[in-house]
Amino acid sequence: MRALRVVGLHEDGRSIVCEDTARGERFLLPADERLRAAARGDITRLGQIEIELESQMRPREIQARIRAGESVEQVANSGGIPVARVERFAYPVLLERSRTAEMAQAAHPVREDGPDVQTLGEVVAYAFGVFGQDYTNASWDSWKGEDGKWVVGLNWQTGRSDNRAHWCFAPGAHGGTVSALDENAQALMDPNAYRSLRAVDALGRPSAAAPVEEPPAPEVVEETVVEAPVAEVAEEVATATADGGLALPGVEEQVEAAKAAPRPAKKKKGHPAVPAWEDVLLGVRSSRG
C-alpha cells in the first residue's frame, strides 16, 4: 500500500488532490461523507454509511433482476454498485438460467395435434439446415417473465442481422413442453411452411434455391382463313334473280367487285360461321354450316 500526501482541494471544490511523493503521481479523492467520517475517526458513522449504500440494492433484488434477464453489468450500472458485488449474488442465478436453457432444448414443441416426438433442439437444428444457417454459432438463454413463466431465447446472426426466437418453457414429465412466442420461433418449428425465410450464404445473400415453376403458357388458338365462295355466290344470286324475278339494285356490281378483290374472312375455333352471301343480299338464312 502506497502512502499519499494531501496536496489540497481540487478546483471543482468536491475532490481532494493527493500525491505519491515517490513517483510524483497525483490522485483525486472524492470529498464525500465517508472521507469526512474517516478524517474524524468516526468508525460508527463509517459503518452506517456502508449499510446505507448496500441497502440501495439488496441481494434478493439483485438475484431477482438477474433471473428476469438482466446482465451483471446492467444491474451494477442501474444500482450504482460495484460489479464485483453483483457477481457475488448473481452467479447461482446465472447457473440456473443456463441449466433451464439446456432443459428447454430437451423439451417437446407443442403442435396442433399435441407435443412433438422430437425435441426442440432437434427441430431447431433441422430448421437451421433447411435455411442454410450454422447452428453451432447460435446461443441459448433463459429467464423468467413477468408472469413467472420461463422464457427460452435463441440468438443467431445472419450476415449483419441479429435474429432472435423465443419460446415459453413449461418443465414437466418427459422433458416438458415449449410453445412458440413469436414468428421466428414458429418458422423454426415448421420451416417448410415459411417460404419467406430463405436460405442465405455466409454473406447474407440468398443462396441457390429450388427452381421456380413457371406458369403454363396460354393456349394459342389457331386461326383459319376461309375464302368466301365468290363464284358459287354469284351463280346462286343470278339464278335467284332469274327464277324469282327478283331484281336487286347493285347486285351485279357487288358481285363483280367481289370477284376482282376477294376479301378473306378470319375465323377462330368455336366462333359462329361467316354468313353466306345470299343471307346478306337476299335476307334468307342458309342451311349450310
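What you see below is based on every heavy atom in this structure, not just the backbone, and it leaves out hydrogens, waters and symmetry mates.
Heavy-atom minimum distance, A101 versus S142: N-OG, 3.5 Å. The two residues P92 and Q63 have their closest heavy-atom pair at CG-NE2, 4.1 Å.
The list of salt bridge (Lys or Arg N to Asp or Glu O under 4.0 Å) pairs with a residue in residues 170-180, not counting sequence neighbours, is empty. Within the structure, every pair that satisfies the salt bridge (Lys or Arg N to Asp or Glu O under 4.0 Å) test and touches residues 115-142, not counting sequence neighbours, is listed here: R97-D141, R111-D116. Applying the salt bridge (Lys or Arg N to Asp or Glu O under 4.0 Å) test to pairs two or more places apart or on separate chains, those with a residue in residues 63-74 are R65-E70, R67-E96.
Take E102 and apply the salt bridge (Lys or Arg N to Asp or Glu O under 4.0 Å) test, not counting sequence neighbours, and it matches R99. Checked against side-chain contact (heavy atoms from CB on, under 4.5 Å), A64 has no partners two or more places apart in sequence or in another chain.
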Which side-chain N or O atoms in residues 162-181 pair as donor and acceptor under 3.5 Å with protein atoms at least two apart or in another chain?
unit_1	atom_1	unit_2	atom_2	d
N163	ND2	T158	OG1	3.0
H166	ND1	D182	OD2	2.8

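Atom CZ of R36 is separated from atom CG of D42 by 13.0 Å, given to the nearest 0.5 angstrom. Once rounded to the nearest 0.5 Å, the distance linking CG of L29 with CG of L35 reads 5.0 Å. Interatomic distance, I66 CD1 to Q74 CD, rounded to the nearest 0.5 Å: 8.0 Å. Going from atom CZ of F128 over to atom CG of N137 covers 9.0 Å, rounded to the nearest 0.5 Å. We find the CD-CD1 distance between E87 and I62 to be 11.0 Å, quoted to the nearest 0.5 Å.
Open room surrounds CZ on R60; 12 or fewer heavy atoms of other groups in view lie less than 6.0 Å from it. More than 12 heavy atoms of other residues, nucleotides or ligands lie within 6.0 Å of OH in Y135, so this atom counts as buried by the packing criterion. Other residues, nucleotides and ligands contribute only 12 or fewer heavy atoms inside 6.0 Å of the OH atom of Y91.
Tested against W140, the residues N155, L154, T100 include a single side chain to side chain contact (heavy atoms under 4.5 Å, CB included) partner, L154.
Hydrophobic clustering keeps F27 apart from V7 (ILVMFWY residues linked when any side-chain heavy atoms are closer than 4.5 Å, directly or through intermediates). No continuous path of hydrophobic side-chain contacts links V75 to W143 [ILVMFWY only; heavy atoms under 4.5 Å]. One hydrophobic cluster holds both V124 and M103 under the rule that ILVMFWY side chains link at heavy-atom gaps under 4.5 Å. Residue V151 is not grouped with residue L120 when hydrophobic side chains (ILVMFWY) are merged at heavy-atom distances under 4.5 angstrom, including chains of intermediate members. Cluster annotation: M189 and F131 are assigned to the same hydrophobic cluster (Ile/Leu/Val/Met/Phe/Trp/Tyr, side-chain heavy-atom contacts under 4.5 Å, transitive).
Between V17 and R26, the closest side-chain pair of non-hydrogen atoms falls below 4.5 Å. The shortest side-chain heavy-atom distance between L94 and V72 falls under the 4.5 Å cut-off. In this structure the side chain of R88 never reaches within 4.5 angstrom of the side chain of P59, judged on heavy atoms. No side-chain heavy atom of I16 sits under 4.5 Å from any side-chain heavy atom of L28.
Under the 3.5 Å distance criterion, the side-chain polar atoms of H108 are matched with a main-chain donor or acceptor of V117.
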